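For reference, the structure is listed below as C-alpha cells.
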Amino acid sequence: MKSRTKINFRIKYVLGLFLLFSFLFFFLNISNAQIVNASKIDSLHKVLNKSKQDTSKALLLCDLAYETHLYNPKIALKYAKKALSISNKINYEKGRINAFYQLALIYKGNGDYASALMYLIRMEEKAKKIGDKKSIVNANSNMGSVYIFMKNNAKAKQHYEMALKIAEITGDSSLIVSSLSNIGHIYSSMQEYEKAMEINLKILPFLEKTNNQYGLGILYTNIAQIFYRQKKYDVAIRYYTLSKEASLAANDKSSVSISLNNIGSILHEEGKYLEALDFYKQSLKIATDINDNRVMLASSQSISEIYAILGNYEAAYKYHLQYSSVNDILLNEEKTKAIAEMSAKYDIDKKQKEIELLNKEKEKQEAVTIVELKRKNTIMFFVFLGFLLVVIFSAFLFRRFKITKAQKLIIEKKNKEINDSISYAKRIQEAILPTGDEFSIAFPESFILYKPKDIVSGDFYWIGANPNRHPSIENKNGWKLTNPLIAAVDCTGHGVPGSLMSMMGNSLLNKIADTYKISKPNEILNQLRIEIVNSLKQNTDNNNKDGMDMALCAFYDDKIEFSGANNPLYIVRKDGNFEKIKGDKMPIGFFTGEQKSFTNHEIKTEKGDCVYIFTDGYPDQFGGKENKKFKYTPLEKLLCSIHKKSFADQKQILNDTIEKWKGNNEQTDDILIIGIRV
C-alpha cells in the first residue's frame, strides 16, 4: 500500500494518462465523451426527412446513431439497424461499413464486447471487398481497443500492428501516428519500456515535419511517463519540461499546467518539497487563470499536503479549503451535466402530450377562476381582519421579547460559527483518512467500523507503504501498492482535541514510513514515540501526557508482524481457534515508566485467517440491562461466532450489537474496528 502522498501523486499521473488517450483519439477523430448537441440532431432529422435518396438516408441515420450512442444507446441502436436495413436493401457497401461501425461502437459502450467484435470483423470484410483502407485501419484499431477492455493485450497488439501495416500503405500520416500511438500504449502497459520508447520516437518525425506543437506536447508527456515508470525521474522531468515548452508554443495552457503539476509530483515523491511547491503553485496559477478545475483540484490538494508535512498547518488548511471549494464546483458541474443528459432523453411526442394535458387543465382552471375569486375575496377580508388583530397583539409582545430575541440570535450565530468550523475540521480529517478503495485493493475481504463520538474523532486508521517490499498489488487504474502497514490508533481525548492529535499522528506516521523508510512495526512505534515527545515538548517538568494507543500490523505473504501500544491483535483462525497477541502496556508519548522498546511479534498466517485490530471504544461502551461496559471477552466471543461470515455482514452485526447494547445511552468514546481476511 502506498502512503497518501504517493497515492495522490498517482492522481496527477492520471492527468498525464488523459493526455495520452486524447492523443490517440485526436488522430482517429473518435470522441469518447460528448455533450448532447440537440441542434445538430434536429438538423440531421430535417435533412433526413427531406432526403429522397436511400444512400443519403443510410449515411444520415449512421450520423444520428453516432450523435446519440453515448447518451441514448437504445435510440442509437434503432438508427444503426435502420441504416443497415436500407444499405442491405440497395446493396450499398459504404452504408453497410458505416452501420457496422456504429453498431460496434454502441455494443462496445454497453460492454457487449463479443457483439462489438462481430460487427468490426464484418466491417473489415466489407472494407477489404471495396478496397477502403481507411475503414480497414479503423476496424482494426477499434478491435484493438475492444481487446484492451477485455484485458487481452496480445490480441490488441496484433490488431494495432495490422492497422499500422495498412496505414503505412495508404501513406496517411494521421493514420500512421494513431496506429503507432496505440502500439506504444500497449508496450507501455506491458512494461516493455524500450519498445514503447522506440515506437514514440518513430512518431516524432511526423509531428516535427508538420510543426505540430500540440501533438509534440502530448508525445513528450507520453515519453516522460515511460521514464517515470522506470523511476528515471530526472529524465522524466526533462521530457515534462519539453512538453511544457511545446504546449506553450501551441498556446495550450491546460497542458502547460498539467506538465508543471507532473514535475511537482515527481519532486514531491522525491521529498524535494520546496521545489515541488514552486511547480505546484505555477500549475495552480495557470489552471486558475483558465478555470481548469481538475488541475486546480490536484494542485491545491498537493500544496496542502506539502504544507502539512512541513508543519505549516495554517497554509495547509488554506489550500485544503481551496481544494474543497473546487471539488464542490466539480460535483455541481457533474450533476448539472447529468441533468442535461437526462433531459435530452425525453421523447418529443411525450412532451407534446404533456403540454396538451397542461393546456386542458389550464382551461378548466380558468372556468372556475371567477367563482373562486369572489370566494377568495370574502376569505381574504376576514383573514386581513384577523391579521390586523395579530399585528397589534404582536407589537405589544415584541417590546417585551426584544432583548431575549436579540440574545438568542447572537447565541445561534456563535453556535453556527462553531459548528461550521468543526464541520470544516471534519472534512480535513476525512481527507487524510485512507479511502475504502485503498483497503479493498489490498484486502478484497475487509471492513472498517468507524463511529466517531462527536463530529470529529480522536480515533483514526492509517495505511502506509512497507518500503522494504516490492510492489505486489495492482488496481484497475494501473497504480500499485506494496505489502501494507495498517494501524488502528486511539489518541488522547475525542472531539476537537482528539482530532488535532489524530492529524499530527497521521502526518508523523507518513513521515516515518515514507521519509525514514522504517517498516518494522515496533521500530515505527519507537520512532513515533520520539516524534510525539519532541513535537509536544513533553518532559517531567510539565503535565502534558497527551499521546496515543495503537495496534500496528505489517502484512506479508505468510505472516504478520505486530506491535501494540496498550492495544492487542486478535486472530480467529479459519478453523475457529482464537489467538490474542497483547500489546505492550505503555502509550506512545511521555510516561513515567521505563522507556523500553516496543515488542515486535511475528505470527504465521494461513489463507482464510481473520485479523482484527481496534481501539477501546467498543469494549468500553456502557449499556445493557445493568448499564455496564461491553468488555473485551464478549467482543472476542462475538468475533469468533461471526468470522466465517462475509465482512459486510460482520460489520453490520458488530454495529447492530453495539447499538442495541448502547440503547438510549450516549456513546462513550470513539469506536474503531478493522477486520481483514488474509
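Since we're looking at a predicted model, the values are computed, not measured.
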Is there a side-chain contact between [X] and [Y] (heavy atoms, below 4.5 Å)?
X: S283; Y: I258; value: no
X: M143; Y: E124; value: yes
X: L207; Y: Y214; value: no
X: K134; Y: T170; value: no
X: I263; Y: L267; value: yes
X: I306; Y: I303; value: no
X: L77; Y: Y107; value: yes
X: Q322; Y: L284; value: yes

Consider salt bridge (charged side-chain N to carboxylate O under 4.0 Å, His left out). Of K651, K645, R677, which one does E445 pass it with?
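Only one of K651, K645, R677 forms a salt bridge (charged side-chain N to carboxylate O under 4.0 Å, His left out) with E445, namely R677.
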
Which residues satisfy the side chain to side chain donor-acceptor pair (under 3.5 Å) test with [X], sequence neighbours excluded?
X: K82; result: none
X: N88; result: R96
X: N211; result: Q213

Set of salt bridge (Lys or Arg N to Asp or Glu O under 4.0 Å) partners for [X], sequence neighbours left out:
X: E125; result: none
X: E192; result: K195
X: K281; result: none
X: K57; result: none

Please determine whether side chain to side chain contact (heavy atoms under 4.5 Å, CB included) holds for the pair L103 and L84, giving the CA-CA distance in whole Å, both sets of side-chain angles, and the decisive distance to 0.1 Å.
CA-CA 9 Å; L103 288 166; L84 181 59; 4.1 Å; yes

Is it the case that the side chain of [X] and the backbone of [Y] share a donor-acceptor pair, with hydrogens and angles ignored and the cut-off at 3.5 Å?
X: S446; Y: I676; answer: no
X: S304; Y: S300; answer: no
X: N261; Y: S257; answer: no
X: S51; Y: V47; answer: no
X: S255; Y: D252; answer: no
X: N72; Y: T68; answer: no
X: S56; Y: K52; answer: no
X: S299; Y: M296; answer: no
X: S145; Y: N142; answer: yes
X: N152; Y: I148; answer: no

Do NZ/NE/NH1/NH2 and the carboxylate oxygens of R238 and D234 come within less than 4.0 Å?
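Salt bridge absent between R238 and D234.
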
Could you list all the salt bridge (Lys or Arg N to Asp or Glu O under 4.0 Å) pairs where at least one residue sits in residues 138-147, not counting sequence neighbours?
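Found none.
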
Do any pairs count as a salt bridge (Lys or Arg N to Asp or Glu O under 4.0 Å) and have a residue in residues 165-175, sequence neighbours left out, and if so which ones?
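Every candidate salt bridge (Lys or Arg N to Asp or Glu O under 4.0 Å) pair involving residues 165-175 fails, so no pair, neighbours aside, qualifies.
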
Which side-chain N or O atoms in residues 113-123 pair as donor and acceptor under 3.5 Å with protein atoms at least two apart or in another chain?
unit_1, atom_1, unit_2, atom_2, d
S115, OG, D112, OD1, 3.2
S115, OG, D112, OD2, 2.8

Short side-chain donor-acceptor distance under 3.5 Å, S259 and N262
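No, S259 and N262 have no side-chain donor paired with an acceptor closer than 3.5 Å.
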
Roughly how far apart are [X] [atom1] and [Y] [atom2], rounded to 0.5 Å?
X: N222; Y: M197; atom1: CG; atom2: CE; answer: 10.0 Å
X: Q650; Y: F647; atom1: CD; atom2: CZ; answer: 4.5 Å
X: S181; Y: I176; atom1: OG; atom2: CD1; answer: 11.5 Å
X: I266; Y: F279; atom1: CD1; atom2: CZ; answer: 10.0 Å
X: E93; Y: K129; atom1: CD; atom2: NZ; answer: 4.5 Å
X: I136; Y: I166; atom1: CD1; atom2: CD1; answer: 5.5 Å

Mind checking ring-ring contact (aromatic ring centres under 6.0 Å, His included) for Y92 and listing every partner two or more places apart, or none if nothing turns up?
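Y92 satisfies ring-ring contact (aromatic ring centres under 6.0 Å, His included) with no residue once adjacent residues are dropped.
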
How close do [X] and [Y] get, heavy atom to heavy atom, and via which atoms?
X: Y280; Y: S265; result: OH-CA, 3.1 Å
X: A163; Y: V137; result: O-CG2, 3.6 Å
X: A83; Y: C62; result: CB-SG, 3.7 Å
X: S243; Y: G217; result: OG-O, 2.7 Å
X: V256; Y: L248; result: CG2-N, 3.6 Å
X: G95; Y: L59; result: CA-CD2, 4.5 Å

Stepwise salt bridge (charged side-chain N to carboxylate O under 4.0 Å, His left out) test for D42 and K46
CA-CA 6 Å; D42 288 342; K46 289 176 182 178; over 6 Å; no

Start with the C-alpha gap between K157 and Y187, add the side-chain angles, then the distance that decides, and say whether side chain to side chain contact (heavy atoms under 4.5 Å, CB included) holds.
CA-CA 8 Å; K157 179 170 168 287; Y187 280 129; 3.0 Å; yes

For the pair I286 and T288, evaluate side chain to side chain contact (heavy atoms under 4.5 Å, CB included) and give the outcome as yes or no after the intermediate values.
CA-CA 5 Å; I286 295 172; T288 304; over 6 Å; no

I want to know whether F555 and F443 have ring centres closer than 6.0 Å.
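Ring centroids of F555 and F443 are less than 6.0 Å from each other.
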
Which pairs, with at least one residue in residues 150-178 and sequence neighbours excluded, count as a ring pair (Phe, Tyr, Trp, His ring centres under 6.0 Å)?
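Residue pairs passing ring pair (Phe, Tyr, Trp, His ring centres under 6.0 Å), neighbours aside: Y147-H159.
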
In terms of the angle between their ring planes, are Y220 and Y239 parallel, tilted or perpendicular, with boundaries placed at 30° and 60°?
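The arrangement is tilted - the two ring planes meet at 30° to 60°.
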
Show, in sequence, the C-alpha distance, side-chain angles and deciding distance for E269 and Y233, and conclude whether the side chain to side chain contact (heavy atoms under 4.5 Å, CB included) test is met.
CA-CA 10 Å; E269 182 164 336; Y233 297 139; 3.1 Å; yes

